[in-house]
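Below is one structure; the comments refer to it alone.
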Amino acid sequence: QVQLVESGGGLVQAGGSLRLSCAASRSMFSANTMAWYRQPPGKQRELVAATTSRGRTDYADSLKGRFTISSDNAKKTLYLQMNSLKPEDTAVYYCYAEIMNKGYWGQGTQVTVSS
């Protein structure tokens with residue numbers, strides 16, 4: 001069993017930055033994939049960024065250049081650096097990990113971007 005706890009969300013003005021953190025209850029060395037998803041109000045959950053155990057990273061096309069996913073295995077933490085935030089980035093952001101073909105989700109952290 002793996003617990004994922006997100007933090008770092010909040011209210012920010014358009015153009016600002018936030019860094020989200022996802023703390024895992026155990027080492028993520030065995031994770032095949034770690035990712036950030038988001039769910040805007042009234043919309044479906046969507047992929048923001050993902051990183052694999054082989055070092056590949058993928059981003060939603062609309063977010064390339066503004067968002068950066070990274071991890072610190074020693075701290076068992078996944079990060080999402082978000083720059084140049086826009087009101088349309090307002091959403092609940094979720095951390096996800098796939099370990100041995102099983103998916104785990106965090107509880108989410110709210111990000112609100114004001115215009």
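A distance of 12.0 Å separates CG of L80 from OG1 of T51, quoted to the nearest 0.5 Å. Distance CD/Q3 to OH/Y104: 9.0 Å, rounded to 0.5 Å. A distance of 8.5 Å separates CD1 of I99 from CG of N32, quoted to the nearest 0.5 Å. If you take CE on M82 and CH2 on W36, they are separated by 8.0 Å, rounding to the nearest 0.5 Å. One distance of note links NZ of K75 with CG of N73; it measures 12.0 Å at 0.5 Å rounding. Interatomic distance, OG of S25 versus NZ of K76, reported as 7.0 Å (0.5 Å rounding).
Linking ILVMFWY residues whenever their side-chain heavy atoms come closer than 4.5 Å, directly or via other members, leaves M100 and Y96 in distinct clusters. Under the 4.5 Å side-chain heavy-atom criterion for ILVMFWY residues, no single connected hydrophobic cluster contains both Y37 and L4.
With sequence neighbours excluded, the residues satisfying salt bridge (charged side-chain N to carboxylate O under 4.0 Å, His left out) with D58 are R56.
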Side chains of residues 108-115: which donor-acceptor partners sit under 3.5 Å, not counting sequence neighbours?
{"from": "T109", "atom 1": "OG1", "to": "G9", "atom 2": "N", "distance (Å)": "3.3"}
{"from": "Q110", "atom 1": "NE2", "to": "A91", "atom 2": "O", "distance (Å)": "3.4"}
{"from": "Q110", "atom 1": "NE2", "to": "T112", "atom 2": "OG1", "distance (Å)": "3.3"}

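Using a 30° and 60° split on the angle between ring planes, Y93 and F67 fall in the tilted class, from 30° to 60°. The aromatic rings of W105 and Y94 sit perpendicular, their planes meeting at an angle over 60°, well past the 30° parallel limit.
In this structure, R19 satisfies the cation-pi test against Y79, with its NZ or CZ atom closer than 6.0 Å to the six-membered ring centre and inside 45 degrees of the ring normal.
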(request) I would like to know whether V5 and Q107 meet side chain to side chain contact (heavy atoms under 4.5 Å, CB included); could you show each step before the answer? (result) CA-CA 7 Å; V5 179; Q107 83 290 348; 4.3 Å; yes

(message) Determine whether Y59 and T68 satisfy the following criterion, side chain to side chain contact (heavy atoms under 4.5 Å, CB included), listing intermediate values before the conclusion.
(response) CA-CA 8 Å; Y59 294 90; T68 304; 3.8 Å; yes

(message) Run the side chain to side chain contact (heavy atoms under 4.5 Å, CB included) test on R66 and D89 for me, step by step, so that the C-alpha distance in whole Å, both residues' side-chain angles and the decisive distance to 0.1 Å come before the verdict.
(response) CA-CA 11 Å; R66 295 196 297 123; D89 294 320; 2.8 Å; yes

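Distance alone, capped at 3.5 Å, places no donor-acceptor pair between the R45 side chain and the R38 backbone. A donor-acceptor contact shorter than 3.5 Å links the side chain of E6 to the backbone of C95.
When all heavy atoms are compared, the tightest approach of L78 to A35 is CD2-O, 3.8 Å. The minimum heavy-atom distance linking S21 with T77 is given by the pair CB-CG2, 4.1 Å.
Residues S17 and N83 have side chains that bring a donor and an acceptor to within less than 3.5 angstrom of each other.
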